[in-house]
Amino acid sequence: MILVTGATGKVGSEAVRLLAAAHHPTRALVRDPARAPGGDVDIVTGDFDRRDTLDAAMRDVDTVLLVSPAVPAQEMAVIDSALDHGVRHIVKITSKASADSPVERRRGQARIEEHLTASGMAYTLLRSNAYLQNLLVMAPMVRQTRSFVMSAGDGQVGMIDARDVAATAAAIATAPSGHAGRAYWLTGPDLLTYDDVAKELAAALGHPVEYRRLSPDEHRAVMVRAGVPEAVAKSNAEAFGLIAQGDAAWLSDDVESLTGTRPRSLHTFVADHLNAFA
Ligand SMILES: NC(=O)c1ccc[n+]([C@@H]2O[C@H](COP(=O)([O-])OP(=O)(O)OC[C@H]3O[C@@H](n4cnc5c(N)ncnc54)[C@H](OP(=O)(O)O)[C@@H]3O)[C@@H](O)[C@H]2O)c1
């Protein structure tokens, strides 16, 4: 049995769909069963902050596909529960991470990874570049103003479709033993700037779309005004500032070598989500 956490999120929901379609015994952990993914899956209601619900979800589980907003105490609770219930392998969705990163979220990921490594359980780390799905946050502004704001300067990003992160995670979770102790770096097929994104949106929408450059501080303020929690807006702005300096300008072939399928391009992502931007 594979347990997928964060099963209503971008990666978790698609991973559950793929695992169920391939008829793998799959359990989806969700906070709200009304939003649970469909298909032939076992749904459990749980919360990372409630250890009893995590323990109940671990019954008969061999492998956990660990997706969450990466709050260290929460993911460490999942790891501890998995260890106590005989789970053999954890596939963790993560990002670039280091204990001395200027980005708080990456320091948190490093703490979680250290906890996972120390647990003695087998694990695989999937370090993804930025998700194309993040562009959907800008969709209302694109609809209303034919422009979007960003503080990534001219930095290139190996943006990846979260559906390809999910496909890679599902492939590993169904046959994890050959991937124990490995870390993979997941990207899309192209290095993209936000000017490239504006051009792709303009071509698909049939009208100009402008990328308006902000400083990280200006961008943080815009995100907070739009309702993003202060701490998340701060981490996002820090990450975009690093992108402007070339921090996300990396590509790898890991998705294709692990799934046998080339990852989706920006062009495909925009075509699949055009209604959101139009
Ligand atoms: N976004 C990116 O560009 C990117 C890039 C690289 C790596 N990553 C990594 O990907 C991971 C997930 O990020 P994401 O953006 O994909 O997240 P996401 O789509 O927002 O998914 C988060 C999931 O966690 C669930 N969740 C939140 N709090 C919970 C709680 N207390 N108990 C149980 N479930 C809870 C959410 O459920 P609800 O639906 O109930 O809220 C949702 O299903 C993180 O480790 C992040 O660092 C993200």
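Order of appearance sets the numbers: ligands from 1, and atoms from 1 within every ligand. Keep in mind that the numbers below use all heavy atoms, side chains included, and drop hydrogens, waters and symmetry copies.
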Element-labelled atoms of ligand 1 that are located less than 4.0 Å from some non-hydrogen atom of Val67:
12 (C)
So do the side chains of Val255 and Tyr184 get within less than 4.5 Å of each other, counting heavy atoms only?
no
Quick one: does Val165 get within less than 4.0 Å of ligand 1, heavy atoms only?
no
Quick one: does any side-chain atom of Lys92 pair with a main-chain N or O of Ile112 as donor and acceptor, under 3.5 Å?
no
Return the residue, atom name and 0.1 Å-rounded distance of the protein heavy atom closest to atom 12 (C) of ligand 1.
Ser68 O, 3.2 Å
So Arg105 and Glu238, do their side chains get closer than 4.5 Å, heavy atoms only?
no
Suppose we measure from atom 10 (O) of ligand 1 to each protein heavy atom; which comes out shortest, and what is that distance?
Tyr131 OH, 3.1 Å
For Arg107, what residues pass the side-chain hydrogen bond (donor to acceptor under 3.5 Å, both in side chains) criterion, not counting sequence neighbours?
none
If you define the side chain from C-beta out and look only at heavy atoms, does anything of Leu66 sit under 4.5 Å from Glu75?
yes
Sidechain N-carboxylate O distance under 4.0 Å for Lys10, Glu14
no
Tell me the contacting part of Lys10 for ligand 1: side chain, backbone, both, or neither, using a 4.0 Å heavy-atom threshold, strictly below.
both
So which heavy atom in the protein is nearest atom 3 (O) of ligand 1, and how far is it from that ligand atom?
Asn134 ND2, 2.7 Å
Contacting atoms of ligand 1, where contact means under 4.0 angstrom from a heavy atom of Ala130
3 (O)
Identity and separation of the nearest protein heavy atom to atom 38 (P) of ligand 1
Thr8 OG1, 3.4 Å
Selected option - heavy-atom contact closest to atom 47 (O) of ligand 1, from Arg105, Gln109, Arg31
Gln109
Audit row: His273, Phe269, ring-ring contact (aromatic ring centres under 6.0 Å, His included) steps and yes/no
CA-CA 6 Å; His273 297 85; Phe269 173 83; 4.2 Å; yes
Would you call Asp254 and Arg182 a salt bridge, using N to O less than 4.0 angstrom?
no
Starting from atom 34 (N) of ligand 1, which protein heavy atom do you reach first, and at what distance in Å?
Phe48 CE1, 3.2 Å
Identify every side-chain donor-acceptor pair in residues 147-155 under 3.5 Å, counting partners at least two apart or on other chains, and give the distances.
residue : atom : partner : partner atom : Å
Ser147  : OG   : Thr145  : OG1          : 2.8
Ser147  : OG   : Arg212  : NE           : 3.1
Ser147  : OG   : Arg212  : NH2          : 3.2
Ser151  : OG   : His219  : ND1          : 2.7
Asp154  : OD1  : Arg213  : NH2          : 2.6

With heavy-atom distances below 4.5 Å as the criterion, would you say the side chains of Asp161 and Thr268 are in contact?
no
Which of the atoms in ligand 1, numbered in the order shown and given with their element, are less than 4.0 Å from a heavy-atom of Asn129?
5 (C), 6 (C)
Can you find a non-hydrogen atom of Ile93 under 4.0 Å from ligand 1?
yes
Do you see a donor-acceptor pair shorter than 3.5 Å between the side chains of Ser81 and Asp84?
no
For atom 24 (O) of ligand 1, state which one of Gly9, Ser128, Ala166, Pro69 supplies the nearest heavy atom.
Pro69
For atom 31 (N) of ligand 1, which protein heavy atom lies nearest, and how many Å away is it?
Asp47 OD1, 3.0 Å
Please examine the side chains of Ile172 and Leu126, heavy atoms only from C-beta on, and report whether any two atoms are closer than 4.5 Å.
yes
Going by the order shown, which atoms of ligand 1 are within less than 4.0 Å of some heavy atom of Gln74?
31 (N)
Which is it for Val30 and ligand 1 at heavy atoms under 4.0 Å: side chain, backbone, both or neither?
neither
Heavy-atom distances under 4.0 Å decide this one: backbone, side chain, both or neither, for Thr94 against ligand 1?
backbone
Identify, for atom 25 (C) of ligand 1, the protein heavy atom at the shortest distance, and state residue, atom and that distance.
Gly6 CA, 3.9 Å
Looking at Ser95, which atoms of ligand 1 are within less than 4.0 Å of one of its heavy atoms?
6 (C), 7 (C)
Could you establish whether Arg50 and ligand 1 come within less than 4.0 Å of each other, counting only heavy atoms on the residue side?
no
Kindly indicate whether the side chain of Leu65, heavy atoms from C-beta on, has any atom under 4.5 Å from the side chain of Ile93.
yes
Please could you name the atoms of ligand 1 that Ala70 approaches to less than 4.0 Å, counting only its heavy atoms?
45 (O)
Assess whether atom CZ of Arg51 is packed by more than 12 heavy atoms of other residues, nucleotides or ligands within 6.0 Å.
yes
Look at ligand 1 and say whether Gly12 reaches it with a heavy atom at a distance under 4.0 Å.
no
Is ligand 1 under 4.0 Å from a heavy atom in the side chain of Arg35, in the backbone, in both, or in neither?
side chain
